[in-house]
Number of protein chains: 2
Amino acid sequence: MANIHEIARLAGVSVSTVSRVLNHHKYVSEEKRTAVLKVIEEMNYTPNRNAVDLIRGETKKIGVIIPYTNNQAFDQLLHGVLNRSVENDYAIMVLPTKYNPDKEIEHLFMLKNKLLDAIIITSRANPWENILPFTEYGSVISCEYTEHPEIGCSYMDRYAAYLEVFQLLKKMGHRNIAFTTARGTESVSTRQTIAAYEKVFGQFDPVYRQSDCFSFEDGMAAGQRLLGINPRPTAIYANGDEVAGGIYKYARSVGLSIPEDLAIIGQENQPVGVGLDISTLDHQLVKVGEQAFDLAMIKSKAKVETPYKMILRSSI
Amino acid sequence: MANIHEIARLAGVSVSTVSRVLNHHKYVSEEKRTAVLKVIEEMNYTPNRNAVDLIRGETKKIGVIIPYTNNQAFDQLLHGVLNRSVENDYAIMVLPTKYNPDKEIEHLFMLKNKLLDAIIITSRANPWENILPFTEYGSVISCEYTEHPEIGCSYMDRYAAYLEVFQLLKKMGHRNIAFTTARGTESVSTRQTIAAYEKVFGQFDPVYRQSDCFSFEDGMAAGQRLLGINPRPTAIYANGDEVAGGIYKYARSVGLSIPEDLAIIGQENQPVGVGLDISTLDHQLVKVGEQAFDLAMIKSKAKVETPYKMILRSSI
DNA sequence: TTGAAAGCGCTAACAC
DNA sequence: GTGTTAGCGCTTTCAA
C-alpha cells in the first residue's frame, strides 16, 4: 500500500507536509492541505500505526490482565475498562493468565517491548516484587489495594465488606458458617475473608472453607461437600453469585429450605442471584474497572476506593 | 532503553548477529551467541515490538468486534477466542461497538493500518458491502454465516435451531407464542426467528415480539409487556437465558406457574438458566469462538458450522 | 509555511 | 558464520 512518500510525491509536497496534514498541525497552507487530502483520498491511504507507535513511543493501547474470562467478576471489571476505553479512543488488549505466574510476566513484558502504555491487573499470580520492575516501562494499575507507591490502585475495601457480612450473619444468630473462595491462602482475598471471619467468630476451622470455586457447577459441588459436614453450616458465604446459585440449587435438591435451613449470600449482584433472590455483596466492579482505566490513561499512581453495596434478598 | 545497536556494540558483533540470536537463527557461532546473550542479560534488553511488527508487516494480534461486553453470548464467543489465542501466542484486542456502524468501521481500520492481522466479527452493524473492502488488508472472520467467499465463517445454524424450538412448542400444544430478540428486523437473527416462527405457525403478529432484550432486567420488562397481551402467550422463547430468567421472575411474581401457565425457553445455557431450571438452546458459542480464532489465525475463508444442543429442563 | 534529513529500532538480502 | 547496508513508514528538529 501507498506510504507517506508516495502521497508526498503525488501531491507535490514534502513528507513533512503530509505528516502535518495527517496530524492536524497548523501552519499548512489551505492549498497544500487540500492537495494532500485529495491524494490521500484518491490513493485510499491510511498511515501505518506501527510506524507511528514506533516513533512516538506511545501506543494508546492498554492491557488488562485477567485470570479467567468466563468469570462474572472479571468480566465486570473488563466491562468497566472497555466503557471508558471507547470514550477515550484507546484499544484494549485482554491478557488471560489462568493464574499462571509465567504467563502473567510474559504479558507484563508488553510494557517493556512498547506494545502497551499501561497494564491493569485485575488479579495477580505473582508477588509484587516480580511486578514492580515493570513500572519502569509503563503504568501499572491494580484492582487490589497495595501500599507500593509505584502502583496505582482502583479497589474496593474487601476486608470491610467481608466483616460486615460476617457481623450480619452473627447478628442473625448463625454460629456455623462456611464460605467458598476462588483460590487458597496464596490469594489476598482468601486471607482477608478468613481474617474477617476470625475477627467476628474467632478461630476458623479450615474444613468449612471450599476453594477453587468459580462457576455454578463448582457451587453445586461446594454445597455438597460443605453441607455434609457435621455440624452442618447454617449459612454459607459464597465468593460469587454463580457459586451461590450452585449452592442454592444443591441445597434445594436435598430438601433444604432457604433461608430457614440454610442462609446463602453471594457476591457481585449477578443475574443468577437476582433470579434466585440471593442476597449479595456488590463490589461494584464495573465502577472499579472504569476507575482503573482512568488511572491507567493518565498514568496516575493514586489509590482510589469504590464503596461496596450490600443487597439484601430473601436468601438470608 | 538500549537498542539492538548498543547490544551489538557491547557484544563486539554486528546488529545482524544480534538479530539472528534474537530470532533463533542457526549459523551463529556458539561463542558469539553466548556473548550476545550475556550482554542482553546485563543490559536487561527487550526488542521493541513496534519495530518488529513494522518491518515484518505482521503483528500476531487479532481483534474481536463485540457489540456488548456485558452480554453472556458475546462473552462466550470471546472466551472461546481467548482460549485458543493463549495456546497460539496471539494477543487479542477487544473492539466494542454497541452496534454503532461508524465505530465498527473505525475498528476495521486496524486491519488497514497494520495493527491487526485479522478481525473476528461476532455480530455486525454494517452491511457486508461496507465490510468487504477490508478483507484486502487482513483476514475477516464472521460468527454468522455469509455466502461472501472473502469471509471465513464460524457459525451455528440459527434458523434450524429456531425451527426446532418452535416445532417442539407446537407439538406441546402451544398456539400463542411470544419471543424476544436483541435487535429489530435489521438483525439477521431476528429475521430468522420470525421466519422460523412463520414456517411453523404461519403469519406472525409483531405484537408478540419484544426487542432490545439483553439483560435480566430487560427480561422482566419484556415479561410484563408480553404477558399483558390478550390473548396471553402460553410460551415465550427468549433470546438468552438472562432474559428468560427475567421473564421467569416476572411471571412468578404475578402468580403464574412455570410451565403450567407459561412455558419458557432460553438460549446459551447460562448459570441463571441452570439455577431456575429453564430449558435452553445452547449454541455452543465457546466452540464457535474457538473455531473463529483458528480460521483467523490461518487466514482461512472456510465456512465451519458448529451444531447446537437443545437442553430440556422443567420450564417447558 | 515548507522541506531536507536525521532518526525510531528492527530485519534480511547480499557480499564476503 | 558474519557484517554492511538498505530499507519498513513515520515524526520532528532545523534551517530556509
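Because only heavy atoms are used, hydrogens play no part in the values below, and waters and symmetry mates are left out as well, while side chains stay in. A quick note: this is a predicted structure, and the numbers were derived from the prediction, not measured. Just so we're on the same page: letters track the sequence lines, and every chain starts at 1.
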* Distance-only side-chain donor-acceptor flag, Ser123(B) / Tyr99(B), under 3.5 Å -> yes
* More than 12 heavy atoms of other groups within 6.0 Å of Glu41(A) CD -> no
* **Residue pairs involving residues 31-40 of chain A (criterion side-chain hydrogen bond (donor to acceptor under 3.5 Å, both in side chains); sequence neighbours excluded)** => Lys38(A)-Glu42(A)
* **Side-chain (Asn113(A)) to main-chain (Leu115(A)) donor-acceptor, under 3.5 angstrom** => yes
* Tell me, please, the opening and closing nucleotides of DNA chain D, 5' to 3', among those with an atom under 4.0 angstrom from a non-hydrogen atom of chain A. => dG9(D) to dT13(D)
* To do: Scan Lys26(B) against the nucleic acid and name what it touches under 4.0 Å (heavy atoms): base, sugar-phosphate only, or nothing.
  => nothing
* Does a sphere of radius 6.0 Å around NZ in Lys299(A) hold more than 12 heavy atoms from other residues, nucleotides or ligands, not counting ones at 6.0 Å or beyond? -> yes
* Asked: Just by distance, do the side chain of Asp117(A) and the backbone of Ile62(A) share a donor-acceptor pair under 3.5 Å?
  -> no
* To do: Mark yes or no for whether Glu104(B), through its side chain, and Asn126(B), through its backbone, hold a donor-acceptor pair below 3.5 Å.
  => yes
* Checking all strands, does Lys114(B) fall into the base, sugar-phosphate, or nothing category for heavy-atom contacts under 4.0 angstrom? -> nothing
* Is there any salt bridge (charged side-chain N to carboxylate O under 4.0 Å, His left out) pair reaching into residues 60-76 of chain A, and which pairs are they, with sequence neighbours excluded? -> Asp53(A)-Lys61(A)
* Which angle, to the nearest 10 degrees, lies between the helix axes at the two ends of the helix from dT1(C)-dA16(D) to dC16(C)-dG1(D), each defined by five pairs? -> 40°
* Output all residues satisfying salt bridge (Lys or Arg N to Asp or Glu O under 4.0 Å) with Glu144(B), sequence neighbours left out; order by chain, then residue number. => Arg124(B)
* Give the intermediate values and the outcome of salt bridge (Lys or Arg N to Asp or Glu O under 4.0 Å) for residues Glu290(B) and Lys287(B). => CA-CA 5 Å; Glu290(B) 290 174 346; Lys287(B) 276 193 192 166; over 6 Å; no
* Would you mind building the protein contact string for nucleotides 5-13 of chain C? One character per nucleotide, 5' to 3', B for base within reach (heavy atoms under 4.0 Å), S for sugar-phosphate only, - for untouched. => B-BBBBBBB
